[in-house]
Amino acid sequence: MPELPEVETIRRDLERCLLGRTIASVRVLRASVLQCSPRRLKRALAGATVAGVRRHGKVLLLDFDTDQSLLIHLRMTGQLLVCGDSAERRFTRVIFHLADGGRLAYADCRALGRLEFVRSDRAGASNSLANLGPDALTEAGLDRLLVVASRRRTPIKCLLLDQSVLAGIGNIYASEILNLARLAPDRPANSLSSSELSALRRATHRVLTAAIDARGTTLRDFRTGTGEPGRYASRLRVYGREGKRCLRRGCRGTILRQLQRQRSTFWCAECQR
DNA sequence: GATAATGTTCGATC
DNA sequence: AGATCGAACATTAT
């Protein structure tokens, strides 16, 4: 579920709630979400203090004072929740007990998410990060989007989802960005004019920052690091609105759903060309 | 019971 | 070499 705005929302919550706090013990309820053995995780984290919380694309990095970092990818249904000692949740897979009370819980209904240990100074070299392009919120990311788009004829929607081009955009925001930029999702990336490319650049930045301001999109599963839903769902212009009226002022179009690479794309054929 | 779901990865095939 | 596609992973809600 989580794309860049959701992961950034969680990052901010964890930074605020966990920085400087120490992990007392770790309980693993589902070892398959770990890339290392449960015992290595427990040994490495017992007594470790959180020294920083970073994000690259959809990947979260918890830095500890031990020169090790925990790399977390939430995939489809992962959640990270800072909570008190009570309230057991149904899909909790890993619990990090904090030395001063309370805990950080990793919950994941489908258990597709992954937690992985990396050395902090080599975080960028870990295989989970090495294949990622620059973060979609950075100038370098937006620059790279335009450069790669001009060279490839893959549909522009598919390019936006390609994490090796730029990291962070997922299926919801790809549709939203193309709607704001007024571009049809099946347009070959290298067919975009320079004015269309700058519209794409502006739309990417605007959609992501607006979604972060609203603390992410909750359709079903997403919760912030403190357990609240995000508020951006009510501002979605196309995603999940198949058959409904286009919201663009003066546009009489109807929102369509179309499959691209086995994933739904929502768009308005009237105002997106 | 079939279908779809905010994601990535692997292997096969151009 | 690079691009592209389908299947796989695991589980729930409709």
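Not measured: the values here are computed from a predicted model. Just so you know, these numbers use all the heavy atoms, side chains as well, and skip hydrogens, waters and symmetry mates. Throughout, protein chains are lettered first and strands after them, A, B, ... in sequence-line order, and every chain is numbered starting at 1.
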Are any of [X]'s side-chain N or O atoms less than 4.0 Å away from OP1 or OP2 of [N]?
X	N	answer
A/Arg263	B/dG7	yes
A/His73	B/dG7	no
A/Thr154	C/dT4	yes

Review point. In terms of side-chain geometry, is the basic nitrogen of A/Glu15 or A/Arg12 positioned less than 4.0 Å from the acidic oxygen of its partner?
Key: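 No.
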From the options [options], select the nucleotide whose nearest atom is closest to the side chain of [X].
X	options	result
A/Arg220	C/dA3, C/dT11, C/dA13	C/dA13
A/Arg90	C/dA13, B/dA5, C/dT4	C/dA13
A/Leu112	C/dT11, C/dT14, C/dA10	C/dA10
A/Arg261	C/dC5, B/dT8, C/dA10	C/dC5

What does [X] touch in the nucleic acid at a heavy-atom separation under 4.0 angstrom: a base, only the sugar-phosphate, or nothing?
X	result
A/Asp221	base
A/Gln262	base
A/Ser264	sugar-phosphate
A/Tyr173	nothing
A/Arg151	nothing

Practice item. May I ask you to check whether A/Asn131 and A/Ser164 show a side-chain donor-acceptor distance below 3.5 Å? Key: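 Per modelled atom types, A/Asn131 and A/Ser164 side chains form no pair under 3.5 Å.
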Check your understanding: Under 3.5 Å, is there a donor-acceptor pair linking the side chains of A/Glu6 and A/Tyr173?
Key ->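 Yes.
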Check your understanding: How far does the P atom of C/dA10 sit from the matching atom of B/dC10, given to the nearest Å?
Key ->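 Nearest-Å result for C/dA10 against B/dC10 at atom P: 15 Å.
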Practice item. Find which nucleotide of DNA chain C each of A/Phe91 and A/Pro155 is nearest to by heavy atoms, and output the residue with the more 5' nucleotide. Key: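 With A/Phe91 and A/Pro155 compared, the 5'-side residue is A/Pro155.
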Practice item. Could you check A/Cys158 against A/Arg114 and say which one's nearest nucleotide on DNA chain C is further toward the 5' end? Key: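 With A/Cys158 and A/Arg114 compared, the 5'-side residue is A/Cys158.
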Calculate the interatomic distance between [X] atom [atom1] and [N] atom [atom2]; express it in whole Å.
X	N	atom1	atom2	answer
A/Gln163	B/dC10	CD	C1'	17 Å
A/Arg93	C/dC9	CZ	P	17 Å
A/Tyr239	B/dA5	OH	C1'	7 Å
A/Arg75	C/dT11	CZ	C1'	15 Å
A/Ile172	B/dA4	CD1	P	17 Å
A/Asn171	B/dT8	CG	P	11 Å
A/Arg110	B/dA4	CZ	C1'	9 Å
A/Met76	B/dT3	CE	C1'	13 Å

Are any of the side-chain heavy atoms of [X] and [Y] separated by less than 4.5 Å?
X	Y	result
A/Arg257	A/Thr265	no
A/Asp108	A/Leu74	no
A/Asn171	A/Tyr239	yes

Check your understanding: Across all strands shown, which nucleotide pairs with C/dG6 by Watson-Crick or G-U wobble geometry, both distances under 3.5 Å?
Key ->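 Matched C/dG6 with B/dC10 under the 3.5 Å cut-off.
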